There are 2 protein chains.
Amino acid sequence: MSAHVFIAEDEASIVSLLKYNLEKEGYKVSHSENGEDALKQIKSKQPDLILMDWMLPELSGVEICKNLKKDNKFNDIPVIMLTAKGEEEDKLKAFDTGADDYVTKPFSQKELNARIKSLLKRSKPQSSSDIVEFTDLKIDRITKRVYRKDKEITLGPTEFKLLDFFIKNPKRVYSREQLLNNVWGEDIYVESRTVDVHIRRLRQAINIQNTKPLIRTVRSAGYSLES
Amino acid sequence: MSAHVFIAEDEASIVSLLKYNLEKEGYKVSHSENGEDALKQIKSKQPDLILMDWMLPELSGVEICKNLKKDNKFNDIPVIMLTAKGEEEDKLKAFDTGADDYVTKPFSQKELNARIKSLLKRSKPQSSSDIVEFTDLKIDRITKRVYRKDKEITLGPTEFKLLDFFIKNPKRVYSREQLLNNVWGEDIYVESRTVDVHIRRLRQAINIQNTKPLIRTVRSAGYSLES
DNA sequence: TCCTCTGTTAACAAATGATTAAAAAGGGGG
DNA sequence: CCCCCTTTTTAATCATTTGTTAACAGAGGA
């Protein structure tokens, strides 16, 4: 689950240097050499961080940055500007366009890494607790969406809650009674057979082609989520 | 509702310079001259940002920073380190301790201001600018106009507020109750069915020919703005 | 006053939930 | 190893909840 860094830079030597170093750090890296293409790629790939040259062919880094910062969908992506001259004015302009940091060439790779780490740290934690993964299952509590192998799955409210509950303690076996208390609620009384039915529905829903069944039945004990 | 900046620095001349400039920028400023006291004050005052000298009497800036970053309650407060020498090693150490940025003395006040602004922007989610876009939707909070694919759309006040609220956190699902609290107001009581009606009106209004519906209903959960 | 906006209501449609019963599977004792 | 009893799965059905839609009446501003 490494972060994805996008490089918008037209000098090939710099790109390869950056790429080499960033990949060594464990980041997924992609890049583009011209502004227009960069913007397109950024919008489709939604990287976790962008390194952007101040000057770019077609569309300047400044323009791209402004464009991104306007759009709610992308304005959370941190941008580090790479600027050639260390001039005061440029630095300020960089921040004005919405850049989150800037680095002047020539830059120290170590320092750049540190700045990248710092920015990523800031943007990550918000989403972490609300999105839970277990093997190839992913559930997003904010958007109420569930994915299996990155394919979206539609679940009814109860099935969603059921899965959400299971995923909190994978591999643990829950009795029907425990499930009723935790998923349905303490004071709601329904037949315990009902659990079976919803288990079945959940199974059907998350069962994408030739994947192992994820829900194990433990005879006379209950069910559990398995890998 | 100006941000509160805390200065931990023992050189009086620097403190007064910083204080003067920051207050001119509209920040609330407080400070301390020794490390131990600084830590205490920070924990009680919970400032929005900290400017910290690398070296401080009693307890060094590094120590304070580490201490803060360990504690969940304070590790979200951005820290800018003020370091005397511009040496590579120090920069890296600064980041290692959890600092979010650093500035070397002598520093440009303008640049410092820019960095402060940038960090505060990150921690305050209310970065609400006046014109916000989400995919092909654009909303202008000043002129109260809404555009879809650059075509203007007319919305009633409530629909406008609804959309405005949704666009702040696209893709996030809000319950009727949340919508009522945030769009209508905490203490206004209307039926929750009313939300449905306004959702429908909003849907109709933003639904320009053959475009995907932008508002998703999540059964028994609420609604969300989707791309 | 007229018009727009708002909130309520009611009828309708769709989705989900629970229950039941029958079939299948599992486990243990003889 | 087979038979019987228990538990689980499955499918079909019915009930209930939830959301959609349209119509209406009142409030408030132009």
Side-chain angles (χ1 to χ4, degrees), chain A residues 139 143-146 152-166 173-207 211-226, chain B residues 139 144-146 152-166 173-207 212-226:
Chain A
I139 130 173
T143 64
K144 307 271 180 193
R145 287 179 190 278
V146 178
E152 186 172 352
I153 283 167
T154 336
L155 294 182
T158 307
E159 282 75 46
F160 185 89
K161 277 185 272 177
L162 236 190
L163 181 60
D164 191 11
F165 181 66
F166 270 122
V173 177
Y174 291 102
S175 70
R176 271 164 252 270
E177 201 181 347
Q178 286 177 304
L179 292 173
L180 285 173
N181 281 336
N182 287 286
V183 176
W184 276 257
E186 299 279 350
D187 35 34
I188 291 173
Y189 181 71
V190 292
E191 291 282 326
S192 78
R193 289 285 120 231
T194 302
V195 177
D196 303 22
V197 176
H198 285 280
I199 288 284
R200 168 168 158 69
R201 287 185 181 162
L202 181 55
R203 274 179 172 150
Q204 283 183 317
I206 65 178
N207 181 32
T211 42
K212 279 183 194 166
L214 286 185
I215 295 176
R216 178 170 71 115
T217 50
V218 182
R219 197 154 235 266
S220 73
Y223 300 92
S224 72
L225 186 62
E226 300 286 324
Chain B
I139 127 174
K144 306 274 179 193
R145 285 174 194 277
V146 178
E152 186 171 353
I153 282 166
T154 336
L155 293 183
T158 308
E159 282 76 47
F160 184 88
K161 276 186 275 179
L162 236 190
L163 182 59
D164 190 13
F165 181 65
F166 270 124
V173 177
Y174 291 103
S175 69
R176 271 164 252 270
E177 203 180 347
Q178 286 177 304
L179 293 173
L180 285 174
N181 282 336
N182 287 285
V183 177
W184 276 259
E186 299 278 351
D187 35 32
I188 291 174
Y189 181 71
V190 292
E191 291 283 325
S192 76
R193 290 282 121 234
T194 302
V195 177
D196 303 23
V197 177
H198 284 279
I199 287 284
R200 167 166 162 70
R201 289 177 182 157
L202 181 54
R203 273 180 173 150
Q204 282 182 317
I206 65 178
N207 181 33
K212 277 183 194 165
L214 286 186
I215 295 177
R216 175 171 75 118
T217 48
V218 182
R219 198 153 234 265
S220 75
Y223 299 93
S224 71
L225 185 63
E226 299 287 324

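Proteins get letters first, then strands, A, B, ... in listed order; numbering begins at 1 in each. It should be emphasised that the depicted structure is a prediction, and the values quoted were computed from it without experimental measurement.
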Any side-chain N or O of B/Y189 less than 4.0 Å from the OP1 or OP2 oxygen of C/dT8? no

Less than 4.0 angstrom between a side-chain N/O of B/R203 and OP1 or OP2 of D/dT21, yes or no? no

The nucleotide from C/dG7, C/dT16, D/dT8 with an atom nearest the side chain of A/T158 is C/dT16

Practice problem: Would you check if the side chain of A/N207 reaches a backbone N or O of A/R203 as a donor-acceptor pair within less than 3.5 Å? | Solution: no

Assign each of A/G156 and A/S192 the nucleotide of DNA chain C bearing its closest heavy atom; nearer the 5' end lies the nucleotide of A/G156

Taken to the nearest whole Å, CD/B/E191 to C1'/C/dG7 is 9 Å

Margin query: Using a 4.0 Å heavy-atom cut-off, does A/T194 contact any base of the nucleic acid, only the sugar-phosphate backbone, or nothing at all?
Written below: base

Is there, by distance only and without an angle test, a donor paired with an acceptor across the side chain of B/R193 and the base of C/dT8 below 3.5 Å?
no

Check: With a 4.5 Å heavy-atom cut-off, do B/R176 and B/T194 have their side chains touching?
Finding: no

Interatomic distance, CZ@A/R200 vs CD1@A/I215, rounded to 0.5 Å, equals 12.0 Å

As a check of understanding: the bend across the helix from C/dT1-D/dA30 to C/dG30-D/dC1, end axes from five pairs, rounded to 10 degrees, works out to 30°

*asked:* When you compare the side chain of B/I199 with that of B/F166, does any pair of heavy atoms fall below 4.5 Å?
replied: yes

Rounded to whole Å, CD of B/E177 lies from P of D/dG19 at a distance of 14 Å

Between CG of B/L162 and C1' of C/dG7 the distance, given in whole Å, is 14 Å

- Side-chain contact, heavy-atom cut-off 4.5 Å: B/V173 with A/R145? no

When rounded to whole Å, the CZ to C1' distance for the pair B/R219 and C/dT16 reads 6 Å

A/L155 CG to C/dA15 P, in whole Å, measures 15 Å

Residue pair A/R176/B/R176 against DNA chain D: nearer the 5' end by closest nucleotide is A/R176

Heavy-atom side-chain proximity of A/R219 to A/T217 below 4.5 angstrom:
no

Contacts satisfying salt bridge (Lys or Arg N to Asp or Glu O under 4.0 Å) that involve residues 156-166 of chain A (not counting sequence neighbours) are A/R141-A/D164

Test item: B/L180 and B/S192 side chains (from C-beta on) under 4.5 Å apart, heavy atoms:
yes

Inset, instruction - Can you label the angle between the A/H198 ring and the A/W184 ring as parallel, tilted or perpendicular, going by 30° and 60°? - result: perpendicular

| message | Please confirm whether the shortest side-chain N or O distance from B/Y223 to OP1 or OP2 of D/dT18 is below 4.0 Å. | response | no

Touch class at under 4.0 angstrom, heavy-atom based, for A/F160 against every strand present: nothing

To the nearest angstrom, the NE2-P distance between B/H198 and D/dT21 comes to 16 Å

Should A/W184 be listed as having a side-chain N or O under 4.0 Å from OP1 or OP2 of C/dG17? no

Of all heavy-atom pairs linking A/L155 and A/A205, the shortest is CD2-CB, 3.3 Å

From NZ of A/K144 across to P of D/dT18 the rounded distance in Å is 14 Å

Practice problem: Examine D/dT20: is either OP1 or OP2 under 4.0 Å from a nitrogen or oxygen in the side chain of B/T217? Give yes or no. | Solution: yes

Rounded to whole Å, CZ of B/R216 lies from C1' of D/dG19 at a distance of 15 Å

Polar atom pairs (N or O), protein with nucleotides 22-30 of chain D, under 3.5 Å:
from   : atom 1 : to     : atom 2 : distance (Å)
D/dA22 : OP2    : B/R200 : NH2    : 2.1

